[in-house]
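Heads up, the thing below is written out as structure tokens.
Each residue takes its place number in the sequence, starting with 1. Note that the structure is a prediction, hence the values are computed from the model and not measured.
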Amino acid sequence: MKKCTQPLLYIEAAKQLVDMDVFEHLCPQMIWGKAVGSGHSLTLEVPEQVNAMIEKFLQKFLVNRKKVH
């Protein structure tokens, strides 16, 4: 597998479904978040948490992108 070079946001539910060590090795710039009190339907069960994580990710990415250009 090739390493990921793009910004990546991973939002996890209460139960971990991936091997985070492998994920972090393949994508070291990954931003990881965990939604509290949710199951499989994160965006329906805790939309305020998911939206806040996405907003923070986009702000960080857009700020970093502007610095490069």
Expected output: side-chain Q29 to main-chain Q6 donor-acceptor under 3.5 Å: yes

Same apolar cluster: I31 and L42, side chain cutoff 4.5 Å: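 Yes.
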
L8 with F57, same ILVMFWY side-chain cluster at under 4.5 Å: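 No, L8 does not connect to F57 through the hydrophobic network.
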
E48 and V46: CA distance, side-chain angles, deciding distance, side chain to side chain contact (heavy atoms under 4.5 Å, CB included) verdict: CA-CA 6 Å; E48 60 285 339; V46 289; 4.0 Å; yes

Distance-minimising heavy-atom pair for V18 and Y10: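 Nearest heavy atoms, V18 then Y10: CG2-OH, 3.4 Å.
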
Separation between CG of D21 and CG of L26, rounded to the nearest 0.5 Å: 11.0 Å

Nearest-0.5 Å distance, CD of residue Q49 to CD1 of residue I11: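 Atom-to-atom, Q49:CD and I11:CD1 are 9.5 Å apart.
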
May I have the list of side-chain donor-acceptor pairs in residues 32-40 shorter than 3.5 Å, sequence neighbours left out?
from	atom 1	to	atom 2	distance (Å)
K34	NZ	E12	OE1	3.4
K34	NZ	A14	O	3.3

Verdict with reasoning, F61 to L9, per side chain to side chain contact (heavy atoms under 4.5 Å, CB included): CA-CA 10 Å; F61 172 69; L9 172 63; over 6 Å; no

